[in-house]
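Fair warning: this is a prediction, and the values are worked out from it, not measured in the lab. This chain uses plain numbering: 1 for the first residue, then up along the sequence. The figures that follow rest on heavy atoms only: side chains count, while hydrogens, waters and symmetry mates do not. Counting convention: from 1, in listed order, for ligands and their atoms alike.
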Amino acid sequence: MEAVKTREIDVTNHYIEKMAAKIAKRPVPPKAMVITHGCQMNGRDSEKLRGMLDAMGYEVAEGEIERPDLVIFNTCCVRENAENKLYGNLGRYKEKKRGNSGMKLVLCGCMMQQDIVVDKIMQSYNYVDVIFGTHNIYRFPELLHSNYVTESNIIDIWKDAAEIVEDLPSIRQFPFKASVNIMYGCDNFCTFCIVPYVRGRERSRPPEDILDEIRGQVADGVTEIMLLGQNVDSYGKGHDVNFAQLLHKVAEIEGVSRIRFTSSHPKDICDEVIFAMRDLDKVCKHLHLPFQAGSTRVLRDMNRGYTKEGFLELIGRIKTAMPKIAITTDIMVGFPGETEDDFEDTLDVVRRARFAGAFTFLYSRRQGTAAATMPGQVPADVMKAWFNRLLHEVNTITHEIALEKEGMILQVVPENIGKSGILNGRADDNSLVHFAGNADLLGIPVDVKITRARTFYLNGEIVDGHAML
Ligand code: SAM
Ligand code: SF4
Ligand code: F3S
């Protein structure tokens, strides 16, 4: 699919200007905030929403503020608790709206792609002003403008994506690091997962558009790039560049010093990608490789496309190529039909693969997915007991791996500074490191000696004379 650089973005810009003209008449700029649920796809979309709000003349808050004039909830529906988070917030914001009648409430993101959700919001939360989905965020200024003009609720949900619209304005969270979508949607249809239904079919961006975006970000001070896709290893369909080749091309850009990506898929990662990671110094030695479950039968029912043995063999190949690599993963317990023996397979994989970290989830039944109607839904108490055992195993190994880092010197890019002057940032292998320093070091690689390993982060101290520009 070719990116459209003129028509749609021109419409967006037209409505940004119209809104900016309205807002300029106000004595003070209205305040807006964007609350993001879910994964890094939503995180990146929220940067674009912030960019559009800023271009319209809103003062965009970094976090939550007490009296906003506009609030956007960018929603997630991957698990039921993500959805409940929104409903809880909507109740709170009803009160806030009562105290500020001009306040606009906007909902967007994955949850809005489900008819049942939009119907519920219209019935029970009809004070929401604007609703749109994942395929038309570039229409946000137009939809907001319509809401101001008509003074009625505006709902615009598209079933699938039309074009990839390039060049939307955007505000990054960090000046020195940027996320870049390399593809949208997902075609894998893992039987538990709602994402293919709410994010649409897999579409890879043309490599030149990706590289142009990164060059622009580098000119703006970015040194670290995170390439985003639900399955980056299948990048490139319809183009003549595959994911491994894209990594090489990004690494050729002068000014980029670190390249990360997420997520990889065990069925699609190939030696060419593994060797590109190994050979390119700029590619961080961290791989997020969700495996979900250890039992080959469960993996088949999940439609994951690999077996327990195949996954362990893959881990072996990756570690042979890059002995120091940190591999993290996603694991789920309680998939329909899962038995105690199946769960033992998951623990077995955890013990043998020795992940540096893992996101662990209770299976959540998602309406419309194949697994939702499968027999053998696992009782909540069984799921919870497995979850606790899994967490214990995962955390023990994570801590053991962290302990191996005590005494090492890691290069860390500080990202945040706390009130007490403690910096935190990420090492090449994605370890989170806390150390004393000052705000001048934010975004600058420094050498840090690890003094103490906690389970989820490391304490360290800057090595004298090792701050590097
Ligand atoms: N595309 C990535 C992949 O396949 O590895 C995963 C993206 S998904 C947004 C993030 C994680 O959410 C998945 O790896 C899975 O562990 C979890 N997840 C997805 N659907 C779920 C469900 N119905 N219940 C519980 N966890 C779920
Ligand atoms: Fe969901 Fe599977 Fe696609 Fe990941 S690969 S987003 S788990 S369907
Ligand atoms: Fe991400 Fe949640 Fe959507 S995990 S793709 S924001 S359903």
Side-chain angles (χ1 to χ4, degrees), residues 35-46 49 73-86 107-114 117 133-135 137 161 179 181-203 228-235 261-269 287-294 298-299 301-306 311 314 327-336 338 346 355 357-374 377-378 380 383-384 386-387 390 394:
I35 298 175
T36 311
H37 300 161
C39 69
Q40 300 184 47
M41 301 294 156
N42 268 15
R44 178 70 186 112
D45 284 347
S46 287
L49 292 166
F73 284 100
N74 191 4
T75 63
C76 170
C77 53
V78 76
R79 285 169 291 276
E80 193 182 355
N81 54 9
E83 297 204 338
N84 291 340
K85 212 157 135 184
L86 176 73
L107 305 183
C108 64
C110 297
M111 222 175 136
M112 300 304 127
Q113 289 297 135
Q114 304 171 98
V117 168
T134 55
H135 301 306
I137 77 163
S179 298
N181 296 107
I182 64 169
M183 59 208 299
Y184 297 96
C186 182
D187 282 353
N188 290 301
F189 289 95
C190 302
T191 55
F192 52 79
C193 186
I194 194 84
V195 171
Y197 301 92
V198 295
R199 284 274 169 181
R201 298 290 54 74
E202 182 181 296
R203 301 157 320 272
L228 292 180
Q230 290 297 356
N231 176 359
V232 291
D233 304 301
S234 70
Y235 170 80
F261 55 86
T262 196
S263 288
S264 263
H265 195 305
K267 83 177 163 61
D268 287 316
I269 189 169
L287 182 67
H288 188 64
L289 190 67
F291 84 97
Q292 315 296 357
V298 170
L299 287 168
D301 290 352
M302 286 178 164
N303 191 31
R304 288 291 291 181
Y306 50 91
F311 181 76
L314 172 62
I327 303 177
T328 55
T329 196
D330 294 348
I331 314 169
M332 185 186 302
V333 294
F335 183 82
E338 187 171 347
T346 296
F355 299 105
F359 295 111
T360 48
F361 305 108
L362 295 165
Y363 165 73
S364 171
R365 197 172 182 168
R366 303 284 70 207
Q367 207 175 47
T369 62
T373 50
M374 284 182 183
Q377 301 283 329
V378 176
M383 242 197 251
K384 192 82 201 46
W386 286 345
F387 183 84
L390 175 65
V394 162

Would [X] count as being in polar contact with ligand 1, using the rule that some N or O on each side must be under 3.5 angstrom apart?
X: F192; result: yes
X: R304; result: yes
X: R79; result: yes
X: S264; result: no
X: H265; result: no

Kindly compute the distance separating [atom1] ([X]) from [atom2] ([Y]), expressed to the nearest 0.5 Å.
X: Q367; Y: Y197; atom1: CD; atom2: OH; result: 12.0 Å
X: C77; Y: Q114; atom1: SG; atom2: CD; result: 4.0 Å
X: Q113; Y: H135; atom1: CD; atom2: NE2; result: 4.5 Å
X: Q377; Y: Y363; atom1: CD; atom2: OH; result: 5.0 Å
X: L86; Y: M112; atom1: CG; atom2: CE; result: 5.0 Å

Subject >> Contact check, L362 vs ligand 1, heavy-atom distance below 4.0 Å >> reply: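 Yes, that is the case, since the closest heavy atom of the residue is under 4.0 Å from the ligand.
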
**OP:** Answer with yes or no whether N231 contacts ligand 1, where contact means a heavy atom under 4.0 Å from a ligand atom.
**Re:**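 Contact absent.
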
Non-hydrogen side-chain atoms of [X] and [Y] separated by less than 4.5 Å:
X: M332; Y: M302; result: yes
X: M41; Y: V195; result: no
X: L362; Y: V333; result: yes

Per-atom contacts, ligand 2 versus [X] - under 4.0 Å to a heavy atom:
X: P196; answer: 8 (S)
X: V195; answer: 6 (S)
X: R304; answer: 2 (Fe), 7 (S)
X: H265; answer: 5 (S)
X: F192; answer: 7 (S)

So, the side chain of [X] versus the backbone of [Y]: is there a donor-acceptor pair under 3.5 Å, distance only?
X: R365; Y: F192; value: no
X: D233; Y: H265; value: yes
X: R44; Y: S179; value: yes
X: T329; Y: L289; value: yes
X: N42; Y: T36; value: no
X: T75; Y: C108; value: yes

Original post:
Under 4.0 Å from any heavy atom of Y363, which atoms of ligand 1 are there?
Top reply: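 Close to Y363: 24 (N), 25 (C).
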
Original post:
Going by the atom numbers of ligand 1, which of them fall below 4.0 Å from some non-hydrogen atom of R366?
Top reply: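 Matching atoms, with element in brackets: 23 (N).
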
Nearest non-hydrogen protein atom, [atom]:
atom: atom 5 (O) of ligand 1; value: P290 CG, 2.9 Å
atom: atom 3 (Fe) of ligand 3; value: C110 SG, 2.2 Å
atom: atom 8 (S) of ligand 1; value: V78 CG2, 4.4 Å
atom: atom 2 (Fe) of ligand 2; value: C190 SG, 2.3 Å
atom: atom 11 (C) of ligand 1; value: D330 OD2, 3.3 Å
atom: atom 7 (C) of ligand 1; value: Q230 OE1, 3.3 Å
atom: atom 1 (Fe) of ligand 2; value: C193 SG, 2.3 Å
atom: atom 6 (S) of ligand 2; value: Q230 OE1, 3.5 Å
atom: atom 1 (Fe) of ligand 3; value: C39 SG, 2.3 Å

Answer side chain, backbone, both or neither: which part of [X] comes under 4.0 Å from ligand 2, heavy atoms only.
X: P290; value: neither
X: C186; value: side chain
X: F189; value: backbone

Subject >> Residue pair D268 / N231, side-chain donor-acceptor N/O under 3.5 Å >> reply: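 Yes, N231 and D268 have a side-chain donor paired with an acceptor closer than 3.5 Å.
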
**OP:** Could you please spell out the steps behind the salt bridge (Lys or Arg N to Asp or Glu O under 4.0 Å) verdict for R199 and D45?
**Re:** CA-CA 12 Å; R199 284 274 169 181; D45 284 347; 3.1 Å; yes

Give the numbers and elements of all ligand 3 atoms closer than 4.0 Å to a heavy atom of [X].
X: Q230; value: 5 (S)
X: R199; value: 5 (S)
X: N42; value: 6 (S)

Original post:
If you measure from each non-hydrogen atom of Q292 to ligand 1, which part falls under 4.0 Å: side chain, backbone, both or neither?
Top reply: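 The side chain, only.
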
Subject >> Contact partition for S364 relative to ligand 1, non-hydrogen atoms under 4.0 Å >> reply: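 It is both backbone and side chain that touch ligand 1.
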
Subject >> Within-shell test, R199 vs ligand 2, heavy atom, strictly < 4.0 Å >> reply: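 Heavy atoms of R199 never come under 4.0 Å of ligand 2.
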
Original post:
Can we call the ring centroids of F361 and F387 under 6.0 Å apart?
Top reply: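 Ring-ring flag for F361/F387: false, centres at least 6.0 Å apart.
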
**OP:** Name the orientation class of the two ring planes belonging to F355 and F311 (parallel below 30°, tilted from 30 to 60°, perpendicular beyond 60°).
**Re:**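 If you compare the ring of F355 with that of F311, the planes turn out tilted.
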
Original post:
H288 and V232: side chain to side chain contact (heavy atoms under 4.5 Å, CB included), yes or no, with the steps?
Top reply: CA-CA 11 Å; H288 188 64; V232 291; over 6 Å; no

**OP:** Look at ligand 3 and say whether Q40 reaches it with a heavy atom at a distance under 4.0 Å.
**Re:**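 Judged by the 4.0 Å heavy-atom criterion, Q40 does not count as contacting ligand 3.
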
Original post:
Is the distance from atom 1 (Fe) of ligand 3 to the nearest N/O/S atom of C76 under 2.8 Å?
Top reply: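 C76 does not place any N, O or S atom closer than 2.8 Å to atom 1 (Fe) of ligand 3.
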
